[in-house]
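If you're wondering where the values come from, they're calculated on a predicted model, not measured in any experiment. Residue numbers start from 1 in every chain, and the chains themselves are labelled A, B, ... in the order their sequence lines are given, proteins ahead of strands.
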Amino acid sequence: EAGVVQSPRYKIIEKKQPVAFWCNPISGHNTLYWYLQNLGQGPELLIRYENEEAVDDSQLPKDRFSAERLKGVDSTLKIQPAELGDSAVYLCASSYSGTGFADTQYFGPGTRLTVL
Amino acid sequence: AQSVTQLDSQVPVFEEAPVELRCNYSSSVSVYLFWYVQYPNQGLQLLLKYLSGSTLVKGINGFEAEFNKSQTSFHLRKPSVHISDTAEYFCAVSSGTYKYIFGTGTRLKVLA
């Protein structure tokens, strides 16, 4: 079974440029998460999708960040414009929300963003 | 509000020695607890989880953890580590809101 796929794995951009990250969850997983992981820190939730609906985006900086999950499968996270402080690893995770709120989340390898 | 504290940022240990990685949590409600491992340049992989029942939880790669409600702890242990166990270990807590709160991680360095 294929795991969570993310691309690109690495991205270097100049500040004020836009950037987008793509995530393909595990087949059949209806819940998708985007996390931000700063150096030396644990992941922090940015947004959670149930199918195509964003059900928790309270931690997403909406002035510059946006996300979408068309057709309830793949998802894209965008930053426009990027700032120096956005340099971090962006992780995507998915789970099957069929057994309740302790569903195991499966993580992708992440996209390491460097903003110069 | 929930929080997770991983007391040790780095733990060096010799190969074949036992190891314990400490995790304490704070929550006013019942919790679900997780340990994840992150190898260099990889995503997080679930080691084990506590949902209910037996307080001793066994996971993959020979790891186990014990839930201690009175001490609000969920320490991770392995009786004999290998070089390949070198990685970052994250403890996480969830109270049923789908949101995981992660600790800051413990870097386990296994020495030959």
Side-chain angles (χ1 to χ4, degrees), chain A residues 2-10 21 23-26 29-51 53-60 88-112, chain B residues 1-10 21-27 29-53 57 59-60 67 74 76 87-108:
Chain A
V4 177
V5 179
Q6 290 188 248
S7 69
R9 291 294 313 277
Y10 305 91
F21 315 125
C23 173
N24 179 244
I26 292 173
H29 282 192
N30 55 339
T31 304
L32 184 145
Y33 313 76
W34 282 103
Y35 285 88
L36 167 69
Q37 185 177 20
N38 286 306
L39 187 65
Q41 300 294 317
E44 298 175 23
L45 182 69
L46 287 172
I47 188 168
R48 175 172 69 89
Y49 282 91
E50 290 284 345
N51 300 306
E53 182 182 0
V55 294
D56 183 356
D57 62 356
S58 57
Q59 301 302 310
L60 189 72
V89 175
Y90 292 83
L91 294 167
C92 179
S94 70
S95 68
Y96 173 66
S97 297
T99 57
F101 35 71
D103 304 312
T104 300
Q105 297 184 23
Y106 296 86
F107 286 79
T111 296
R112 183 177 297 276
Chain B
Q2 296 173 302
S3 66
V4 175
T5 301
Q6 292 184 245
L7 297 168
D8 306 300
S9 59
Q10 294 188 62
L21 305 183
R22 296 181 292 171
C23 172
N24 287 87
Y25 68 91
S26 173
S27 177
V29 298
S30 296
V31 296
Y32 304 90
L33 294 154
F34 307 82
W35 273 101
Y36 279 84
V37 60
Q38 186 175 34
Y39 298 103
N41 298 316
Q42 295 187 28
L44 281 71
Q45 178 183 2
L46 181 69
L47 277 176
L48 48 80
K49 60 184 176 182
Y50 171 78
L51 304 181
S52 65
V57 181
I60 62 171
F67 171 58
F74 191 55
L76 181 70
E88 187 97 22
Y89 292 79
F90 291 94
C91 180
V93 63
S94 171
S95 65
T97 62
Y98 295 94
K99 187 174 292 186
Y100 285 18
I101 305 298
F102 284 88
T104 52
T106 296
R107 187 174 299 275
L108 175 63

* How about Tyr35(A) and Tyr100(B): are their ring centres within less than 6.0 Å of each other? -> no
* Structure fact -> Between Phe102(B) and Pro43(A), the two heavy atoms sitting closest are CD1-O, 3.4 Å
* Structure fact -> Rounded to the nearest 0.5 angstrom, the CG-CZ distance for Leu46(B) and Phe107(A) is 9.5 Å
* Asked: Atom OH of Tyr32(B) and atom OG1 of Thr104(A): how far apart are they, to the nearest 0.5 Å?
  -> 12.5 Å
* To do: Give a yes or no on this: more than 12 heavy atoms of other residues, nucleotides or ligands lie within 6.0 Å of atom OH of Tyr50(B).
  => yes
* Asked: Just wondering, are more than 12 heavy atoms of other shown residues or ligands nearer than 6.0 Å to CD1 in Ile60(B)?
  -> yes
* Structure fact -> Turns out that what part of Gln38(B) lies under 4.5 Å from chain A's heavy atoms comes down to side chain
* For Tyr39(B), is it the side chain, the backbone, both or neither that has a heavy atom under 4.5 Å from a heavy atom of chain A? -> neither
* Thr111(A), part contacting chain B, at a heavy-atom distance under 4.5 Å -> neither
* To do: Specify which of Gln105(A), Gln41(A), Arg112(A) makes the most heavy-atom pairs with chain B at under 4.5 Å.
  => Gln105(A)
